[in-house]
Amino acid sequence: MSSPVGVLAVQGDFEKHLQAVADVGRTGMEVRTPEDLARVDRLILPGGESTTVGLLLQRYGLGEAIRRAAAEGMPLWGTCMGMILLAKEIEARRQFTLGLMDIAVRRNAFGAQVHSFEDAVELDGFERPLLGVFIRAPIVVRTGPEVQVLARYGDRIVAVRQGVRLGTSFHPELTEDRRLHEWFCRW
Ligand code: GLN
């Protein structure tokens, strides 16, 4: 029996990820404490509000626990806010991040007036495009040498990978397409 797939459940749209994990035949588990984290073999960081979740990660020691798990090789995938939390740097802002991907992100990069939109996104290694659901979405504005760009939307970077760490600006859990969850759950 494999360990469950963790979904950070401090705030945000974690329930949709749990459903998506179940759809690909794995057991999902809500992660709120370092003890929860110790039981899972990978972690999805969902969309939400990065300032709020950053504060809570610091307060309950979960941020440190995620850093330790990452150092031991735990696969991590951040969608939207999750990608912001994984970033080393946030453009023009000071707020807590885990600093686990060598990227800089711009929050709400499509402008305050563009709350959300959907469009096709071509992802490296995937035959057919995915539907990208962007909700006050961040983009990646700098990538370090170890970071692979997996997708661009126009000229903006919207999916990146660094080893077993994945970041997407958009929300695959809000579509019916389970290819990204399937892929990540195999790492
Ligand atoms: N705009 C949010 C933030 O900066 C992220 C939006 C999302 O996760 N849907 O925290």
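Worth knowing before you read on, the calculation uses all heavy atoms, side chains too, and leaves out hydrogens, waters and symmetry mates.
- Residues Leu8 and Leu98 are members of one and the same hydrophobic cluster, defined by side-chain heavy-atom contacts under 4.5 angstrom among Ile, Leu, Val, Met, Phe, Trp and Tyr.
- Side-chain contact between Arg179 and Arg128 is present, with heavy atoms from C-beta onward closer than 4.5 Å.
- Arg67 and Thr97 make their closest contact through NH2-O, 3.0 Å (heavy atoms, listed as atom of the first residue, atom of the second, distance).
- Summarising the local packing, CZ of Arg152 is surrounded by 12 or fewer heavy atoms from other residues, nucleotides or ligands at distances under 6.0 Å.
- Remark: Leu55 CG to Tyr60 OH distance equals 10.5 Å, nearest 0.5 Å.
- Contact annotation: the side chain of Asp102 never approaches that of Glu146 to less than 4.5 Å [non-hydrogen atoms, C-beta and beyond].
- Tracing side-chain contacts under 4.5 Å through hydrophobic residues (I, L, V, M, F, W, Y), one never reaches Phe184 starting from Val40; they form parts of separate clusters.
- The heavy-atom pair separating Pro172 from Leu180 by the smallest distance is CG-CD1, 3.5 Å.
- Looking only at side-chain heavy atoms (C-beta outward), Gln148 and Val160 stay at 4.5 Å or farther from each other.
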Intermediate values then yes/no, side-chain contact (heavy atoms from CB on, under 4.5 Å), Ile135 and His171: CA-CA 8 Å; Ile135 304 171; His171 291 263; 4.0 Å; yes
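- Under the 4.5 Å side-chain contact rule for hydrophobic residues, Val149 and Trp77 do not share a cluster.
- Heavy atoms from other residues, nucleotides or ligands lying under 6.0 Å from CD of Glu89 number more than 12.
- For the residue pair Ser169 and Ile139, the shortest heavy atom distance occurs at OG-CA, 4.0 Å.
- Contact check for Gln95 versus Ser50: side-chain heavy atoms found under the 4.5 Å cut-off.
- Side-chain contact between Leu43 and Val7: absent, with no pair of heavy atoms (C-beta onward) separated by less than 4.5 Å.
- Without hydrogens or angle criteria, Thr33 side chain to Asp36 main chain gives a donor-acceptor distance under 3.5 Å.
- Side-chain contact between Val21 and Thr27 is absent, with no heavy atoms from C-beta onward closer than 4.5 Å.
- Here Phe134 contributes atom CZ and Asn108 contributes atom CG; the two are 13.5 Å apart, rounded to the nearest 0.5 Å.
- Counting all heavy atoms, side chain and backbone alike, Glu49 lies closest to Gln11 at N-OE1, 3.0 Å.
- In summary, Arg178 and Glu176 do not engage in a salt bridge, as defined by a charged side-chain N under 4.0 Å from a carboxylate O.
- Heavy atoms only, all atoms of each residue included: Met74 and Asp41 are closest at CG-O, 3.9 Å.
- For the side chain to side chain contact (heavy atoms under 4.5 Å, CB included) with Ile66, the qualifying choice from Leu86, Val31, Leu100 is Leu100, the only one to do so.
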side-chain contact (heavy atoms from CB on, under 4.5 Å) assessment of Val105 paired with Met83: CA-CA 8 Å; Val105 297; Met83 181 173 79; 4.3 Å; yes
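- Looking at heavy atoms from C-beta onward, Arg68 lies out of side-chain contact with Leu37 at the 4.5 angstrom threshold.
- Cation-pi contact between Arg26 and Trp187: absent, since separation from the ring centre below 6.0 Å together with deviation from the ring axis within 45° is not met.
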Intermediate values then yes/no, side-chain contact (heavy atoms from CB on, under 4.5 Å), Met101 and Lys88: CA-CA 6 Å; Met101 291 186 82; Lys88 202 169 247 179; over 6 Å; no
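- Note that the CD1 atom of Ile103 and the CZ atom of Arg165 stand 11.5 Å from one another [nearest 0.5 Å].
- Put simply, the side chain of Arg161 gets close to the backbone of Gly163: a donor and an acceptor are under 3.5 Å apart.
- We find the CZ-CZ distance between Arg136 and Arg107 to be 7.0 Å, quoted to the nearest 0.5 Å.
- Follow the hydrophobic side-chain contacts under 4.5 Å out from Leu123 and you reach Ile44 in the same cluster.
- Counting heavy atoms of neighbouring residues, nucleotides and ligands inside a 6.0 Å radius, atom CZ of Phe117 exceeds 12 of them.
- Using a 4.5 Å heavy-atom threshold, the side chains of Val121 and Pro129 count as separate.
- Between His181 and Val24, the shortest heavy-atom contact is CB-CG1, 4.1 Å.
- Here the CZ-CZ distance, from Arg32 to Phe14, works out to 5.0 Å after rounding to the nearest 0.5 Å.
- In this structure, OH in Tyr153 is found 7.0 Å from CZ in Phe110, a value given to the nearest 0.5 Å.
- Hydrophobic cluster membership is shared by Phe96 and Val53, with clusters built from Ile, Leu, Val, Met, Phe, Trp and Tyr side chains linked at under 4.5 angstrom.
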Trace of the side-chain contact (heavy atoms from CB on, under 4.5 Å) decision for Asp119 with Leu131: CA-CA 6 Å; Asp119 206 350; Leu131 178 64; 5.8 Å; no
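- A donor-acceptor contact shorter than 3.5 Å is absent between the side chain of Asp177 and the backbone of Leu130.
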